[in-house]
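Protein chains get the first letters and strands the later ones, always in sequence-line order, with residue 1 at the start of each. All values below were derived from every heavy atom in this structure, side-chain atoms included, with hydrogens, water molecules and symmetry-related copies excluded.
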Amino acid sequence: MANEEERQLLVVIFDVNPVWWGIKSLQGQAQITKCLDCLLVFVNSYLMLRHDNKLAIIASHSTKSVFLYPAQESNQSPDPSKASTSDQAGGDCRYEHFAKVDDSVTDKFKELMRDGCEKNDIRRDSLIAGSMAIALCYIHRMQIESHGNTKLNARILVIKAADDAASQYMSFMNVIFAAQKERVVVDACILGQDSGLLQQACDMTSGMYLKVPHQDAFLQYLLTAFLTEAELRKESLVLAQSSRPREVDYRAACFCHRSLVDIGFVCSVCLSIFCQFSPICSTCETAFKPPVQASKSRKKRRALPANGT
Amino acid sequence: MEEQGEDKAYRWEGDYEKTWEALKEDETGSLQASIEAEINKAKKRRLQQRQRNVRLGMMRHLYVVVDLSQAMCDQDLKPNRAVAVLKALEIFSEKFFDQNPISQLGFVSTCAKRAEVLSDMSGSLQKHIKVLQDLGQKIIKTNAKHCTGEPSLQNSLELCAKSLKHMPSHTSKEILVVMGSLTTCDPGSIHDTITQIAKQSIRCSVIGLSAEVHICKYLAKSTKGTFGIILDESHFADLLTDHVPPPAEISPESSLIKMGFPHHVSPHESGKISLCMSRNTFTVGGYFCPQCQAKYSELPVQCVICALTLVSAPHLARSYHHFFPLPMFKEQEVPVGSLTCYSCCKPITTATYVCEQCAISFCMDCNAFIHETLHSCPGCIISTNHVHTTTNGVV
């Protein structure tokens with residue numbers, strides 16, 4: 001499989017937006033606990049592939065991003081031997097690593113749901129950009145810690161449920177560029193509606209974008225599409241074809257009407273995009289010269305005397 | 001030597017600097033902590049020099065003049081100066097196009113009293129890297145046989161100025177001269193050339209490899225550029241990196257530039273073959289200019305048929321972080337109980353950095369990563385949703 005000196009790091013970002021999951025469970029279409037179980041089976045399969053595969057799971061709520069695994073021991077001094085014996089105290093025949101992951105995820109998830117959120121914090125969108133930023137910081141830390149010994153292949157799998165938030169565009173683009181620079185592959189598994197931002201992210205980092213048609217087969221989609229690492233996907237006939245999305249819309253939206261433009265006018269000072277010429281830029285309030293035709297004739301007049309002499 | 005004003009004394013005129021006292025050993029006799037402290041201090045100093053609320057030249061046309069004369073065969077940079085400079089310029093080109101995706105770069109070389117264009121002004125990184133690599137290989141193979149004669153500063157400046165004259169006025173025109181020789185052989189008066197360049201508001205900067213030459217310093221000062229002499233290879237890389245972020249705008253021209261956002265057709269979708277204007281072959285799939293429907297294989301590019309600049313929205317978005325630079329985090333002592341970093345869950349031991357907007361603490365590595373690569377504070381992104389204030393989250 002992978003080269004002997006390379007290691008894998010998978011960071012899963014699970015969208016736990018309470019509004020979306022609540023609506024879906026009332027409609028009887030999806031249950032967050034079932035999806036969490038599927039996620040745990042997928043994560044266990046990933047850990048079974050190689051003994052040194054590394055993992056992190058982040059839950060993305062509408063007001064906070066929490067690490068479900070590895071569990072943060074903020075108030076106690078880290079003592080790995082004590083923690084593992086208490087986990088094994090149950091005495092069930094589970095593989096110790098799986099037991100640690102499963103218990104940590106379920107405990108932290110219950111804590112997150114129990115904390116709840118206040119009335120003003122209930123939103124329809126989730127903090128995907130924030131969770132991805134935290135994931136990149138974690139990947140950066142892991143890369144520093146394994147530097148010199150082994151090369152770390154990192155990827156982020158985003159399981160998204162809620163819709164996109166337009167207010168996160170700037171931070172999302174910053175995160176995508178940082179992921180591109182760090183050579184981190186971003187994969188997306190969409191449970192709800194199509195997400196333009198994640199389509200761009202997957203295209204720019206050469207990851208896989210998949211919208212799940214049937215939620216009952218969620219685990220099957222996870223195991224088929226997202227278990228293999230990025231470099232090996234081109235060897236598979238099925239995955240190589242579907243890894244690039246059909247048409248990613250990279251057109252820009254004009255700042256005045258928020259409509260997509262094919263040809264736009266860009267302010268040279270602040271790079272804001274407009275669909276038609278306006279004498280003053282609304283963002284940076286720079287005044288502009290009259291449109292192109294006047295300056296073209298000026299250039300022609302200036303060029304002629306030079307040719308004459 | 002560092003850049004010095006006219007009134008500051010030269011290094012040998014000042015007092016002794018006891019630089020060995022800056023390094024201190026800790027209990028185990030290791031210098032690691034004080035070395036890290038020095039590196040962090042230098043990083044902080046570099047980041048703080050960025051001015052805020054200054055108009056930046058986002059669309060840049062930069063010519064790099066490389067001296068390939070006899071003095072570049074000197075071996076104080078390994079394997080010789082010419083090859084080391086070309087390698088450093090490859091890394092510089094990558095960083096340049098990463099931070100300035102809609103800008104263009106060109107290379108000019110000067111040797112044997114002449115100047116010639118190595119690589120035309122274009123926005124294609126691959127082309128420039130190929131030219132630089134081929135030239136480097138050629139120099140290594142022939143053992144720098146054709147690096148002869150003396151450079152000509154005036155000829156190279158005039159060549160660049162002639163080409164930059166045709167560029168639109170709203171772009172930022174720059175020349176970066178990498179000079180290894182202490183002499184220059186010019187056909188006319190270089191002061192006339194310098195006045196002409198200053199009048200065209202072209203910013204010239206010089207990086208010297210050997211010693212300070214008065215005419216280079218005068219050139220940099222009259223055109224509001226920077227002048228530096230390298231100490232060693234890493235200092236050379238640092239001086240080059242200083243030219244990567246967009247400089248403060250000196251010319252007041254600004255205009256609305258018409259740009260096209262082409263539609264991408266993937267090869268799997270339509271099997272139709274059409275002529276690709278950037279490669280001059282027939283290919284399937286590509287970007288179609290919205291004005292004249294000419295096809296190109298990569299962006300950003302200037303359409304050769306209708307002269308429309310073609311970019312995609314991420315290219316413009318890549319430059320947005322220059323407008324909202326992330327403020328420096330405040331450094332604080334680690335509190336008595338141990339703290340974990342918010343973003344990487346590592347227990348913090350050395351120093352903690354607190355963002356003033358969202359009051360979240362980060363460790364030293366995350367602080368460097370956030371400021372150099374991410375350009376957004378994770379705490380602010382998360383609390384933006386919470387509090388609805390504009391930080392780095394909302395356009």
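- For B/L299, no part lies near chain A; criterion is any non-hydrogen pair under 4.5 Å.
- Put simply, SG on B/C306 and CD1 on A/I263 are 7.5 Å apart, with the number rounded to the nearest 0.5 Å.
- Distance OG/B/S312 to CE/A/M204: 7.5 Å, rounded to 0.5 Å.
- Separation of atoms CG (A/N174) and CG (B/L326) is listed at 9.5 Å; rounding is to 0.5 Å.
- Neither the backbone nor the side chain of A/M132 has a heavy atom closer than 4.5 Å to any heavy atom of chain B.
- For B/L310, no part sits under 4.5 Å from any heavy atom of chain A, backbone or side chain.
- Going from atom CG of B/L316 over to atom CE of A/M173 covers 10.0 Å, rounded to the nearest 0.5 Å.
- A/H140 contributes atom NE2, which lies 7.0 Å from atom SG of B/C366 (distance to the nearest 0.5 angstrom).
- Contacts between A/F172 and chain B at a heavy-atom distance below 4.5 Å are absent for every atom of the residue.
- In terms of non-hydrogen atom pairs under 4.5 Å with chain A, the most contact-rich of B/A317, B/P262, B/G260 is B/A317.
- How far OG1 of B/T373 is from CD of A/Q180: 13.0 Å, rounded to the nearest 0.5 Å.
- At a 4.5 Å heavy-atom cutoff, the contact between A/I273 and chain B is made by side-chain atoms alone.
- Looking only at heavy-atom pairs under 4.5 Å with chain A, the residue among B/C363, B/C345, B/P378 that has the most is B/C345.
- More than 12 heavy atoms of other residues, nucleotides or ligands lie within 6.0 Å of NZ in A/K181, so this atom counts as buried by the packing criterion.
- Heavy atoms closer than 4.5 Å to chain B are found in both the backbone and the side chain of A/L136.
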